[in-house]
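In what follows, a structure is listed as structure tokens, so that the remarks can point back to it.
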Amino acid sequence: MIFVTGGAGFIGGNFVLDWILGDTPMSQQDSVLNIDKLTYAGNLETLASIKNQAKHVFMHADVADRARMSQLFKEYQPKAVLHFAAESHVDRSIHGPGDFIQTNIVGTFNLLEATRAYWSDLPSDQKADFRFLHVSTDEVYGTLSPTDPAFKETNAYEPNSPYAASKAASDHLVRAWHHTYGLPVLTTNCSNNYGPYHFPEKLIPLCILNAINGKPLPIYGDGQQVRDWLYVKDHCTAIRTVLEKGTPGQTYNIGGWNEKANIDVVKQICQILDEIKPKLDGTSYANQITFVKDRPGHDRRYAIDASKIERELGWKPKETFETGIRKTVQWYLDHPEWVEGVVSGNYRQWIDLQYATPKA
Ligand code: NAD
Ligand code: TYD
């Protein structure tokens, strides 16, 4: 069995679905204990297609609850922990950083301690094979100028948002648990993901849904901020590759080699929608683009140098941005029931708070 934390969220959910429904024969597949607190970002609807699969067990629990985590280790005896659970939205971290400190730092600390207690008592062969894989972000490296080289694993940590600082802290804890206690950890730092089951508070799903609902497409500041975008399924294969082949104690940057300015991302979404779901009045969805107040401390550019994982572990992304974004737009058009399930009371409150004054 493996533990997956945060497996009802966007990336963890995609990872669990791929793990359970993917190409590996079921008989060779480890079971998954999916540990999730089900915050606003966790949705069991994402896991509906594997509800009756014996190899997937869902556990409603908080990673910060060390006693509970220890009890789960005792009961299920995992050979690996894949730690996705986190508070993940930068704008929410600006409005209220407390949950980010609690889950991303205290939660990771408690999970590491429960893991260490379990791992220390394993027989030596199982001890050597055990892995704790920590899923992190490129945002820990801070921001780049337009001409700076892309982030390498050796870049200094310079986090700028409460979210990025909390993830940076968790990365440091994971590193220290390896260095001090010998825990076999792996850390991945990935760029912006997009794809199915992405909670519609983030740029890409927000703009797809706002577009088809005739609402403004809010672009922060001048829209020239650059992100590297990776299709979520590619992130999931990268994580599996690191789990199988990564060297304990190492970190691996993961990216899509797809740097794009926000305004270009949104224009591309509009173009695809103009083509596959044209508006009845013949106008473009791009007319809904609205420039709004910038995010405080908004990082200008992220770029990932993913050559280490390609060179050492043989992973590279399959999707280009063009193929991935088309699949993503189509997925949102095809899954109105999933969208309906997640845009609940909490979601509406957030949208009202964040986009109350849509003026540049
Ligand atoms: P998400 O917000 O969609 O999902 C997070 C999940 O964690 C939710 O299901 C939530 O219920 C669960 N969770 C939150 N607090 C918890 C707690 N205390 N105990 C147990 N479960 C808890 O996030 P995501 O986008 O899927 O990101 C997953 C991981 O990947 C995060 O660690 C994030 O920092 C990292 N990451 C995300 C991106 C991205 O573009 N989304 C990029 C790089 C790295
Ligand atoms: P987001 O999806 O929140 O990811 P992150 O902040 O982790 O990169 O935002 C992606 C980019 O899009 C980021 O530069 C902020 C910008 N953005 C907007 O311009 N408008 C929006 O409404 C949102 C949510 C984000």
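These values consider heavy atoms only, across backbone and side chains, with no hydrogens, waters or symmetry-generated copies. Whatever order the structure lists them in is the order used to number ligands and atoms, beginning at 1. Residue numbers run from 1 in the order of the sequence given. Not measured: the values here are computed from a predicted model.
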### Message
Would G7 count as a contact residue for ligand 1, given that I'm defining contact as a non-hydrogen atom of the residue lying under 4.0 Å from a ligand atom?
### Response
no

### Close approach, G13 and ligand 1, non-hydrogen under 4.0 angstrom
no

### Message
Using a plain distance cutoff, I'd like to know if V63 has any nitrogen or oxygen under 3.5 Å from a nitrogen or oxygen of ligand 1.
### Response
yes

### Task
Report, as yes or no, whether the 6.0 Å neighbourhood of atom NE2 on H179 holds more than 12 heavy atoms from other residues, nucleotides or ligands.
no

### Task
Look at atom CZ of R175 and say whether more than 12 heavy atoms of other residues, nucleotides or ligands are closer to it than 6.0 Å.
no

### Query
What atoms of ligand 1 come closer than 4.0 angstrom to any heavy atom of A86?
5 (C), 7 (O), 14 (C), 31 (C), 32 (O)

### Query
For ligand 1, which atoms, with element, lie under 4.0 Å from some heavy atom of A61?
19 (N), 20 (C)

### Query
Going by heavy atoms, is G107 under 4.0 Å from ligand 1?
no

### Query
Taking heavy atoms and a distance under 4.0 Å, where does R227 meet ligand 2: side chain, backbone, both or neither?
side chain

### Summary
Of Y163, Y220, Y302, W229, the one whose closest heavy atom lies nearest atom 19 (O) of ligand 2 is Y220

### Message
Taking Y302 as the starting point, is it possible to reach I254 by hopping between hydrophobic residues whose side chains are less than 4.5 Å apart?
### Response
no

### Message
Show me which atoms of ligand 1 lie under 4.0 Å from any heavy atom of G42.
### Response
8 (C), 9 (O), 11 (O)

### Query
How close does the nearest protein non-hydrogen atom get to atom 9 (O) of ligand 2, and which residue and atom is it?
R295 NH2, 3.9 Å

### Message
Heavy atoms only, cut-off 4.0 Å: how does V90 contact ligand 2, side chain, backbone, both, or neither?
### Response
side chain

#### Entry: Side chains of S88 and K202, donor plus acceptor under 3.5 Å
yes

### Task
Identify the protein heavy atom lying closest to atom 18 (N) of ligand 1, giving its residue, its atom name and the separation to 0.1 Å.
D62 OD1, 2.8 Å

### Message
In this structure, would I35 and Y118 fall into the same cluster of hydrophobic residues linked by side-chain contacts under 4.5 Å?
### Response
yes

### Task
Could you check atom 3 (O) of ligand 1 against the protein and tell me its nearest heavy-atom contact, residue, atom and distance included?
F10 N, 3.0 Å

### Query
Does a donor on one side chain sit under 3.5 Å from an acceptor on the other, for H56 and S31?
no

### Query
What's the verdict on side-chain hydrogen bond (donor to acceptor under 3.5 Å, both in side chains) for N104 and Y163, showing C-alpha distance, side-chain angles and the deciding distance?
CA-CA 8 Å; N104 300 0; Y163 163 67; over 6 Å; no

#### Entry: R116 NZ/CZ over F132 ring centroid, <6.0 Å and within 45° of normal
no

### Query
With a 3.5 Å cut-off and no angle check, do the side chains of T237 and W315 form a donor-acceptor pair?
yes

## Note on the structure
of all protein heavy atoms, closest to atom 21 (N) of ligand 1 is K37 N, 3.0 Å

### N110 side chain near D62 side chain, heavy-atom distance below 4.5 Å
no

#### Entry: H89: numbered ligand 2 atoms lying under 4.0 Å from its heavy atoms
3 (O)

### Query
Does N192 approach ligand 2 within less than 4.0 angstrom via side chain, backbone, both or neither, non-hydrogen atoms only?
side chain

#### Entry: Nearest non-hydrogen protein atom, atom 20 (N) of ligand 2
P218 O, 2.8 Å

### Message
Could you tell me if D171 and N189 have a donor-acceptor pair between their side chains, going purely by distance under 3.5 Å?
### Response
yes

#### Entry: K127 atom NZ, neighbour heavy-atom count above 12 within 6.0 Å
yes

### Where ligand 2 meets Y355 - atom numbers and elements under 4.0 angstrom, heavy-atom basis
21 (C), 22 (O), 23 (C), 24 (C)

### Task
Determine whether the side chains of H134 and T187 contain a donor N or O and an acceptor N or O closer than 3.5 Å.
no

### Message
Can you tell me which portion of A64 lies within the under-4.0 Å heavy-atom range of ligand 1? Options are side chain, backbone, both, or neither.
### Response
neither

### Query
Any idea which atoms of ligand 1 are less than 4.0 Å away from a heavy-atom of V135?
30 (O), 32 (O)

### Query
Quick check: does E87 get an N/O under 3.5 Å from an N/O on ligand 1?
no

### Task
Decide yes or no for W257 and S191: does some side-chain heavy atom of the first lie under 4.5 Å from some side-chain heavy atom of the second?
no

### Summary
Of all protein heavy atoms, the one nearest atom 16 (C) of ligand 2 is N262 ND2, 3.4 Å

### Task
Kindly state whether the ring of Y194 and the ring of F321 have centres lying under 6.0 angstrom apart.
yes

### Message
Students should be able to answer this: which protein heavy-atom is nearest to atom 14 (O) of ligand 2, and at what distance?
### Response
H298 NE2, 2.7 Å

### Task
Establish, from distance only, whether the side-chain atoms of E275 and Q271 form a donor-acceptor pair under 3.5 Å.
no

### Query
By number and element, which atoms of ligand 1 are closer than 4.0 Å to a non-hydrogen atom of N192?
40 (O)

### Task
Around atom 1 (P) of ligand 1, find the nearest protein heavy atom and jot down its residue, atom name and distance.
S88 OG, 3.5 Å

### Message
Counting the benzene-type ring for Trp, do Y40 and Y347 have ring centres under 6.0 Å apart?
### Response
no

### Task
Using a 4.0 Å heavy-atom threshold (strictly under), name the region of K167 that reaches ligand 1: side chain, backbone, both or neither.
side chain

### Per-residue contact class, L38 against ligand 1 - non-hydrogen pairs under 4.0 Å
backbone

### Message
If you take the nearest heavy atom of each of N193, T290, V292, L203, which one is closest to atom 2 (O) of ligand 2?
### Response
L203

#### Entry: same_hphob_cluster(V135, V90) at 4.5 Å side-chain heavy-atom cutoff
no

### Summary
Ranked by distance from atom 9 (O) of ligand 1, the top protein heavy atom is D36 OD2, 2.6 Å

### Query
What is the closest protein heavy atom to atom 7 (O) of ligand 2, and at what distance does it sit?
E139 OE2, 2.6 Å

### Task
Could you see which bit of Y163 sits under 4.0 Å from ligand 1, with heavy atoms only: side chain, backbone, both or neither?
side chain

### Query
In terms of residue, atom name and distance, what is the protein heavy atom nearest to atom 15 (N) of ligand 1?
T103 CG2, 3.4 Å

#### Entry: For E201, the ligand 2 atoms whose distance to one of its heavy atoms is below 4.0 Å
24 (C)

### Task
State, without any angle test, whether D91 and Y220 hold a side-chain donor-acceptor pair at a distance under 3.5 Å.
yes

### Query
Could an N or O of ligand 2 be found under 3.5 Å from any N or O of D91, whether backbone or side chain?
no

### Query
How far is atom 31 (C) of ligand 1 from its nearest protein heavy atom, and which residue and atom is that?
F84 O, 3.1 Å

### Query
In terms of the angle between their ring planes, are F73 and F3 parallel, tilted or perpendicular, with boundaries placed at 30° and 60°?
tilted

### Query
Which is it for T137 and ligand 2 at heavy atoms under 4.0 Å: side chain, backbone, both or neither?
neither

### Query
If you count the atoms of ligand 1 from 1 in the order shown, which ones are under 4.0 Å from a heavy atom of S136?
43 (C), 44 (C)

### Task
Please name the residue in the list I272, L333, V329 that meets the side chain to side chain contact (heavy atoms under 4.5 Å, CB included) test with K277.
L333

### Message
Using a 4.0 Å cut-off to any heavy atom of I219, which atoms of ligand 2 qualify?
### Response
19 (O)

### Summary
If you scan protein heavy atoms around atom 38 (C) of ligand 1, the nearest is I11 CD1, 3.6 Å

### Output field: ring centroids Y181/W119 closer than 6.0 Å
no

### Task
Could you list the atoms of ligand 2 found under 4.0 angstrom from a heavy atom of L206?
22 (O)

